[in-house]
Asker: 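Pasting a structure below so you can have a look.
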Amino acid sequence: DGVSGALVFSTGESSAGNSGSTQVSTGAATDGVGGAISLHVGDGTHYDGGNVELLAGRTSAQAQQGGMVLLKAGDGLSPSSNDGGDGGAVVLYGGDAEGTNDLDKGGNIELRGGFARAGHGGELIMSTGTGIATSSGSALVNTANAGSYGVSGSLTLSTGTSSRGSTGSIAILTGQATGGQGG
């Protein structure tokens with residue numbers, strides 16, 4: 001009949017300089033696996049589960065920009081030619097819906113550029129990695145197969161509407177080939 005206690009980690013404010021930073025890290029392992037960092041939010045038995053929010057700092061200064069949120073998987077640093085190892089993956093999943101009503105749907109994954117009051121809105125840039133010695137990575141966009149009943153999901157490419165001027169274009173291009181056949 002109550003709430004559990006809060007746990008707060010914060011640094012002090014600064015009126016004439018940088019505020020302090022907060023760092024959470026695990027130690028390196030010389031003959032084993034590096035330690036993991038897990039952030040778990042409590043379940044909700046009668047209401048929604050808790051949120052996880054990662055918010056970069058805002059700025060009110062002229063000609064500056066807000067802080068960046070960077071999510072990067074670990075590098076495979078071994079230079080060995082006998083399977084040096086791979087870089088880690090960044091995986092984003094929407095939440096599962098275990099309900100048995102056909103209106104119960106899985107959670108979305110939404111990627112959106114930022115709002116701009118007077119200039120251009122933020123861009124959405126997706127590109128595959130460069131292969132220095134071999135091929136670059138492939139880009140795959142597909143919807144999942146349908147279940148026992150229903151249809152597979154649709155795939156829509158569209159540009160926004162415009163009240164003044166032309167709408168945006170859609171271009172699908174393959175790269176130039178200098179020593180082979182173009183795609």
Asker: Going by side chain to side chain donor-acceptor pair (under 3.5 Å), name the pairs with one or both residues in residues 54-76, residues two or more places apart or in two chains.
Answerer: Lys72-Asp75
Asker: What pair of heavy atoms forms the shortest contact from Gly88 to Ala73, and how long is it?
Answerer: O-CB, 3.1 Å
Asker: If you count every heavy atom of other residues, nucleotides or ligands that lies below 6.0 Å from Asn142 atom CG, does the total exceed 12?
Answerer: yes
Asker: Which value, rounded to the nearest 0.5 Å, describes the distance between Leu54 atom CG and Asn51 atom CG?
Answerer: 11.5 Å
Asker: Under 3.5 Å, which donor-acceptor pairs link side chains of residues 26-38 to any protein atom two or more places apart or in another chain?
Answerer:
| unit_1 | atom_1 | unit_2 | atom_2 | d |
| --- | --- | --- | --- | --- |
| Thr26 | OG1 | Gly35 | O | 2.9 |

Asker: What are the two closest heavy atoms between Val151 and Ala146, and how far apart are they?
Answerer: C-CB, 3.4 Å
Asker: Name all residues meeting the salt bridge (charged side-chain N to carboxylate O under 4.0 Å, His left out) criterion together with Glu110; count only those two or more places apart in sequence or in a different chain, and write none if there are none.
Answerer: Arg112
Asker: In a table with atom names and distances, give each donor-acceptor pair under 3.5 Å that connects a side chain of residues 94-104 to protein atoms at least two apart or in another chain.
Answerer:
| unit_1 | atom_1 | unit_2 | atom_2 | d |
| --- | --- | --- | --- | --- |
| Asn101 | OD1 | Leu103 | N | 2.8 |
| Asp104 | OD2 | Asn101 | N | 3.2 |

Asker: Looking only at non-hydrogen atoms, find the nearest pair between Ala144 and Ser152 and report the distance.
Answerer: O-CB, 3.4 Å
Asker: Which ILVMFWY residues can you reach from Val91 by hopping between side chains whose heavy atoms are under 4.5 Å apart?
Answerer: Tyr93
Asker: Apart from Leu92 itself, what residues make up its hydrophobic cluster, given side-chain heavy atom links below 4.5 Å?
Answerer: Ile109
Asker: Please list all pairs meeting salt bridge (Lys or Arg N to Asp or Glu O under 4.0 Å) that have one or both residues in residues 172-183, counting only residues at least two apart or in different chains.
Answerer: none
Asker: Check side-chain contact (heavy atoms from CB on, under 4.5 Å) between Asn18 and all other residues, then give those that pass, not counting sequence neighbours.
Answerer: none
Asker: Only pairs under 3.5 Å count here: list side-chain donor-acceptor contacts from residues 113-138, not counting sequence neighbours, and write none if there are none.
Answerer:
| unit_1 | atom_1 | unit_2 | atom_2 | d |
| --- | --- | --- | --- | --- |
| Thr128 | OG1 | Gly137 | O | 2.8 |

Asker: Strictly by side chain to side chain donor-acceptor pair (under 3.5 Å), give each pair with a member in residues 155-170 just once, sequence neighbours left out.
Answerer: none
Asker: Kindly state each residue pair satisfying side chain to side chain donor-acceptor pair (under 3.5 Å) with at least one member in residues 78-87, sequence neighbours excluded.
Answerer: none
Asker: For Leu157, which fellow cluster members are found when Ile, Leu, Val, Met, Phe, Trp and Tyr are connected by side-chain heavy-atom distances below 4.5 angstrom, either directly or through intermediates?
Answerer: Ile170
Asker: Looking at every non-hydrogen atom in both residues, tell me the closest pair between Val90 and Leu71 and how far apart they are.
Answerer: CG2-O, 4.4 Å
